[in-house]
Amino acid sequence: SSVPLSRDLRVVAKPIMMELMRIAEENIYLTVLVENMVIAIDEVKSSHHLTLNPDVTYSYPIYACASGKIFLSALSEEKRSEVVSRLEYKKRAEATIVDGETLLQEVEKTKERGYATEIMEFSDDLNSVAAPIYDYRGQIVATISISGPAMRLTEERIADLVDSLTETASSISRRLGQGVEAGQEKKKTRNG
């Protein structure tokens, strides 16, 4: 409840998240950044019998999840380097990134392609893919992610779902007013 925009964000995102879950058939998470932790503020569970998460609030270190890479990609290079150098890394799984240089390289890849993956970095049996959600100022305020067991949500399956995920993120962003501020500026320029 202390996360700004979170209620409106959840209201706007929920029906779109449900549609994405029908396509992906995996758990869908809506996350925000609080300090150096990524917090899931809403979810839509898949109908699979095998799911990984009980009914709890989820928080993830910024360096060990796909959404964290998205949030880091929104920072200036200078701020990003500063944040990454101050993190306390802990190996959570075999593939957890535990050094700043590797994390910065992953964040740069994320920035270039517009989405992030997490392949068994948070947990040895979990994969995720995340995309950014923008507000009316064009700033990243949240992410939407697809998460599931690595045996089912393989890298190939993730590749198949990227377009649906990024379209979902864009749809939520538009409903939050992405482009509205820039659009108003254009009108003022044309009219004035």
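Computed from heavy atoms alone, side chains included, the values below leave out hydrogens, waters and symmetry copies. Model, not experiment: these values are computed from the prediction.
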Euclidean distance, Ile119 CD1 relative to Thr154 OG1, rounded to 0.5 Å: 8.5 Å
Measuring from Ser128:OG to Glu26:CD, what's the distance to the nearest 0.5 Å? 9.5 Å
Considering all heavy atoms, the nearest Tyr89-Ile97 contact: CD2-O, 3.6 Å
Run the side chain to side chain contact (heavy atoms under 4.5 Å, CB included) check on Val162 and Thr117 step by step: do they pass? CA-CA 10 Å; Val162 164; Thr117 59; 5.9 Å; no
Ile16 side chain near Ile144 side chain, heavy-atom distance below 4.5 Å: no
Give every donor-acceptor pair under 3.5 Å between a side-chain atom in residues 35-42 and any protein atom, sequence neighbours left out.
from  : atom 1 : to    : atom 2 : distance (Å)
Asp42 : OD1    : Lys14 : NZ     : 2.9
Asp42 : OD2    : Lys14 : NZ     : 3.4

Inter-residue atom distance Met21.CE - Glu19.CD, 0.5 Å rounding: 9.5 Å
Glu112 bridged to Lys109 by N-O distance under 4.0 Å: no
Which pair of non-hydrogen atoms, one from Leu126 and one from Ser147, has the smallest distance, and what is that distance? CD1-OG, 3.1 Å
Does Tyr134 offer a backbone N or O that forms a donor-acceptor pair with the side chain of Ser173 under 3.5 Å? yes
Where is the tightest heavy-atom contact between Asn27 and Lys45, given as atom of each residue plus distance? OD1-CA, 3.4 Å
OH/Tyr115 to CD1/Ile146 distance, rounded to the nearest 0.5 angstrom? 11.5 Å
Partners passing salt bridge (charged side-chain N to carboxylate O under 4.0 Å, His left out) against Glu82 (at least two apart in sequence or in another chain): Lys79, Arg86
What's the verdict on side chain to side chain contact (heavy atoms under 4.5 Å, CB included) for Val141 and Val32, showing C-alpha distance, side-chain angles and the deciding distance? CA-CA 7 Å; Val141 291; Val32 295; over 6 Å; no
Scanning both residues in full, the closest heavy-atom pair of Tyr63 with Glu88 reads CE2-O, 3.7 Å
Are the side chains of Thr168 and Ile28 in contact, using a 4.5 Å heavy-atom criterion? no
When rounded to the nearest 0.5 angstrom, what is the spacing between CG in Asp135 and CG in Asp8? 12.0 Å
I would like to know whether Leu75 and Val107 meet side chain to side chain contact (heavy atoms under 4.5 Å, CB included); could you show each step before the answer? CA-CA 10 Å; Leu75 302 175; Val107 171; over 6 Å; no
Can you tell me how far OG of Ser67 sits from OH of Tyr60, rounded to the nearest 0.5 angstrom? 8.5 Å
Identify which one of Arg80, Lys69, Glu77 satisfies the side-chain contact (heavy atoms from CB on, under 4.5 Å) criterion when paired with Lys111. Arg80
Any salt bridge between Glu25 and Arg157, counting N to O under 4.0 Å? no
If you look at every heavy atom in Ala64 and Thr96, which pair is closest and at what distance? CB-CG2, 4.5 Å
N/O donor-acceptor pair under 3.5 Å between Asn127 side chain and Glu155 backbone: no
Donor-acceptor pair between Ser171 and Arg175 side chains, under 3.5 angstrom: yes
Where do Thr110 and Leu72 land on the side chain to side chain contact (heavy atoms under 4.5 Å, CB included) test, with the steps shown first? CA-CA 9 Å; Thr110 295; Leu72 285 168; over 6 Å; no
Apply the side-chain contact (heavy atoms from CB on, under 4.5 Å) test between Cys65 and each candidate in Glu118, Glu121, Arg92; give the one that qualifies. Glu118
Minimal heavy-atom distance between Gly114 and Pro132, with the atoms involved, is O-CD, 3.3 Å
